[in-house]
Amino acid sequence: MLRALALASLLALAGAGNAFAHATLLTANPADGSVVAEAPSAFVLTFDEPVSPIALRLIEPDGSGTDLAGVVARNATVSAAAPALAKGTHALSWRVISADGHPVGGSVVFSVGGISTMTMASPPASPAGRAVAIWAARLLLYLGLFAGVGGAFFAAWIADGPLPAGPARFVRLSIGVGIVAAAASFALQGLDVVDAPFAALATRGPWAAALATSYAYTIAIAVVALLLAAAPQRWSTAVALALVGAALAASGHSADAPPFARVAVFVHGISIAFWLGALIPLAATVRTGALARFSRIAPLPILTLVASGIALAVAQLGAISALWETTYGRILAAKIALVVLLLAIAAWNRYRLTPRADIRGLRRAIVAEVILAILILGLVATWRFTPPPRTLAEVEVQATPLHFHIHGEKAMADVSLTPGGPGPVAVSLAIQSGDFGLLDAKSVTLTLTNPAAGIEAIRREAKHLDGALWRIDDLILPAPGKWTAKIDILVTDFDQVTLEQSFDVPPA
């Protein structure tokens, strides 16, 4: 059994995809809430991880909306050329797929020339019941993986021969429900990505969108685990148990958390399936030697369950105060309370009821464990809708970008330095002609000077990204104070335009 589990675990970990947290917008150009003197030539959104854009929509002061074309994604940056903008307040609505496969959306509100009252219709609400359906499908998938695969493993490795008819039917039913729930989860994932009603499942869009997310790996691995569990073989149930952990680790909240997080999810999933999958079969086999064998083995998976759970909490919370200050933390606190109660009942079973062979008491306690387990899984399914506090904390510590605009007769530039303080910075430049047209530049060079600080000129060549967008990544601002930016734009071999402006860099 150990050899089979070890081999299956290695294969599952090798095949599992990366696990990621919800993508979060770090900076925007124009910045959210900003008032810019001149209309931007491009929109640039920078996230905390690579994303895939679904749509960028510009809402103008009169309430009309335009879907932006030519959206470009490079790693964690999404950009698009801006159309001609009227004076007043605009909203840039964005929707992307984060690396964990979850769709994420938001809006950046900015004003050109001054703030105006935007005439906006209320945004359409998400299709009724979609969030509830996503939660229910996740819960049923968890039940299929844990009760179905875990129950099949118990029957193959711990039970005294075949399970009684009732528990055997329950295990088969759980596997079937899990397969149906996996298909439903996949379909709902696609609907959520494209933000479409249920009727859109008759079209190709939602299915293709779901297939492009990392959650597709979770569904594929989960279905294989369920199918293997349906085969009454020891080796197949051992591999299926390992694949439960791999399915959970293939997508989710463990992204840029410490490297141990993904392994912890894997171990956590296997431990849950081993424990919860045994509950229903145990209720019908308490008079056999299976109870004694399970009681001897159970402390090890319970120990790994608790240890991996603590590791994941440490990785995702960031601070103990997040337990009561964030939605994710409050859900985790409720889960911890239920798990403590569940462990107390398990300990009562192990050390009081089992030695006394109290059959009636054991069955009642197992029923209580099943009810608590379902409540816990219901709480876990709600994490689909809330990012972990660690991700929120990382966004809070991001420095505000520094933005300024230089407008000349022949050319103009929107410049953003992120973060907007001394130290390593990334510089984004949007270069246009003086009349907001496309300027086909051969090269763009940025020179920064700060004579008062005794710092020699810092000169960097920008890299052309797309259209009007240029970028410099290897720049360090050594000190705060008043700096002067000079931008040399080579239009032809004989024509160069120079833009120059001073700006203030605040202290760190």
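The first residue of the sequence shown is numbered 1, and numbering continues consecutively from there.
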Participant: Contact between Phe186 and Trp207 at the side-chain level, heavy atoms closer than 4.5 Å - yes or no?
Facilitator: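 Result yes, sub-4.5 Å side-chain heavy-atom pair found.
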Participant: Compare all side-chain heavy atoms of Ile59 with those of His90 and state whether any distance is below 4.5 angstrom.
Facilitator: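 When only atoms from C-beta onward are counted, His90 and Ile59 do not touch, as no gap falls below 4.5 Å.
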Participant: If you apply the rule side chain to side chain contact (heavy atoms under 4.5 Å, CB included), what do you find for Leu343 with Val306, and how did you get there?
Facilitator: CA-CA 10 Å; Leu343 290 173; Val306 173; 4.0 Å; yes
Participant: Tell me, with the steps shown, if Leu243 and Leu228 meet side chain to side chain contact (heavy atoms under 4.5 Å, CB included).
Facilitator: CA-CA 10 Å; Leu243 289 179; Leu228 285 172; 3.8 Å; yes
Participant: Shortest non-hydrogen contact from Val171 to Ala147?
Facilitator: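 Heavy-atom minimum between the residues: CG2-O, 4.4 Å.
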Participant: Are Ile272 and Tyr142 packed together at the side-chain level, in the sense that at least one heavy-atom pair is separated by less than 4.5 angstrom?
Facilitator: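 Answer no - side chains too far apart.
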Participant: So, for Ala430 and Leu469, which heavy atoms are closest and what is the spacing to 0.1 Å?
Facilitator: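 Of all heavy-atom pairs spanning Ala430 and Leu469, the closest is CB-CD2, 4.2 Å.
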Participant: Got a sec, which pairs hit side chain to side chain donor-acceptor pair (under 3.5 Å) with one end in residues 264-273, sequence neighbours left out?
Facilitator: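 For residues 264-273, and leaving out neighbouring residues, the side chain to side chain donor-acceptor pair (under 3.5 Å) pairs sorted by first residue read His268-Ser308, Ser271-Thr304.
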Participant: Has the side chain of Arg95 got a donor or acceptor atom that lies under 3.5 Å from a matching backbone atom of Val193?
Facilitator: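 Present.
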Participant: Looking at side-chain heavy atoms only, is the closest gap between Val78 and Val71 below 4.5 Å?
Facilitator: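 The answer is yes, as the side chains (C-beta and beyond) meet within the 4.5 Å cut-off.
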Participant: Supply the atom-to-atom distance Asp192 CG to Leu188 CG, rounded to the nearest 0.5 angstrom.
Facilitator: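 One gets 8.5 Å once the value is rounded to the nearest 0.5 Å.
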Participant: Is any side-chain heavy atom of Ile472 closer than 4.5 Å to a side-chain heavy atom of Lys463?
Facilitator: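 No, their side chains stay 4.5 Å or more apart.
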Participant: What's the shortest heavy-atom distance between Leu241 and Ile270, and which atoms?
Facilitator: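 Closest approach of Leu241 to Ile270, heavy atoms only: O-CG1, 3.4 Å.
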Participant: Nearest heavy-atom pair of Ala313 and Leu332: which atoms, and what distance?
Facilitator: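 Where Ala313 meets Leu332 most closely, the heavy atoms are CB-CD2, 3.9 Å.
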Participant: Keeping the roles fixed (side chain from Thr66, backbone from Leu58), state whether a donor-acceptor pair exists under 3.5 Å.
Facilitator: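 Checking the backbone N and O of Leu58 against the side chain of Thr66, no donor-acceptor pair under 3.5 Å is found.
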Participant: Is there a donor-acceptor contact under 3.5 Å from the side chain of Ser34 to the main chain of Phe110?
Facilitator: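 No.
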Participant: Cation-pi check, Arg57 to Phe43: give yes when NZ or CZ is under 6.0 Å from the six-membered ring centre and within 45° of the ring axis, no otherwise.
Facilitator: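 Judged by the rule (NZ or CZ under 6.0 Å from the ring centre, within 45° of its axis), Arg57 is not positioned above Phe43.
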Participant: Could you walk me through whether Val96 and Ile54 pass the side chain to side chain contact (heavy atoms under 4.5 Å, CB included) test, one step at a time?
Facilitator: CA-CA 5 Å; Val96 300; Ile54 302 173; 5.5 Å; no
Participant: What distance do Arg130 atom CZ and Phe198 atom CZ have between them, rounded to the nearest 0.5 Å?
Facilitator: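 Spacing of CZ (Arg130) from CZ (Phe198) equals 7.5 Å.
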Participant: Does the pair Trp135 and Thr382 meet the rule for a side chain to side chain donor-acceptor pair (under 3.5 Å), with working shown?
Facilitator: CA-CA 6 Å; Trp135 173 84; Thr382 63; 5.5 Å; no
Participant: Starting from the C-alpha separation in whole Å, work towards a yes-or-no answer on side chain to side chain contact (heavy atoms under 4.5 Å, CB included) for Asp504 and Leu402.
Facilitator: CA-CA 9 Å; Asp504 293 314; Leu402 192 157; over 6 Å; no
Participant: Give, for atom CD1 of Ile331 and atom OG1 of Thr326, the distance between the pair rounded to the nearest 0.5 Å.
Facilitator: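 These two atoms lie 8.5 Å from each other.
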Participant: Does Arg74 use its side chain to pair, donor to acceptor, with the backbone of Leu465 at less than 3.5 Å?
Facilitator: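 Such a contact is found between Arg74 side chain and Leu465 backbone.
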Participant: Quick one: list whatever passes ring-ring contact (aromatic ring centres under 6.0 Å, His included) with Phe294, sequence neighbours left out.
Facilitator: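 With sequence neighbours excluded, Phe294 shows a ring-ring contact (aromatic ring centres under 6.0 Å, His included) to Phe274, given in chain and number order.
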Participant: Would you find a donor on one side and an acceptor on the other, under 3.5 Å apart, between the side chain of Arg330 and the backbone of Ala322?
Facilitator: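 Side chain of Arg330 to backbone of Ala322: no pair is present.
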Participant: Roughly how far, to the nearest 0.5 Å, is CG of Leu379 from CD1 of Ile336?
Facilitator: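 Result: 11.0 Å between the selected atoms.
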Participant: Any idea which heavy atoms bring Ala210 and Ala216 closest together, and the distance?
Facilitator: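 Reported closest heavy-atom pair: O-CB, 3.7 Å.
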Participant: Give, for atom CD1 of Ile366 and atom CD1 of Ile280, the distance between the pair rounded to the nearest 0.5 Å.
Facilitator: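 If I round to the nearest 0.5 Å, the distance is 8.5 Å.
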Participant: Taking the side chain as C-beta and beyond, is there a heavy-atom pair between Ile219 and Ser185 under 4.5 Å?
Facilitator: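 Yes - at least one pair of side-chain heavy atoms lies under 4.5 Å apart.
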Participant: Does atom CZ of Arg169 have more than 12 heavy-atom neighbours, drawn from other residues, nucleotides or ligands, at distances under 6.0 Å?
Facilitator: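 Count not over threshold, so no.
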Participant: Output the distance between atom CG (Leu141) and atom CZ (Arg138), rounded to the nearest 0.5 Å.
Facilitator: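 Rounded to the nearest 0.5 Å, the CG-CZ separation comes out at 8.0 Å.
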Participant: Yes or no on side chain to side chain donor-acceptor pair (under 3.5 Å) for Thr89 and Ser111, after CA distance, side-chain angles and deciding distance?
Facilitator: CA-CA 4 Å; Thr89 299; Ser111 302; 2.8 Å; yes
Participant: Less than 6.0 Å separating the ring centroids of Trp94 and Phe47?
Facilitator: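 Yes: the rings meet the under 6.0 Å criterion.
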Participant: Looking at every heavy atom in both Pro40 and Asp414, which two are closest together, and how far apart are they?
Facilitator: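 In this case the closest contact between Pro40 and Asp414 is CA-OD2, 3.4 Å.
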Participant: Hey, does Arg471 have a side-chain heavy atom less than 4.5 Å from the side chain of Leu429?
Facilitator: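 Contact flag for Leu429/Arg471 side chains = no.
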Participant: State, with a plain yes or no, whether a side-chain heavy atom of Trp275 is found less than 4.5 Å away from one of Leu342.
Facilitator: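 In contact.
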Participant: Do Ser416 and Ser428 meet the criterion of a side-chain donor-acceptor pair at a distance under 3.5 Å?
Facilitator: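 No, no side-chain donor-acceptor pair sits under 3.5 Å.
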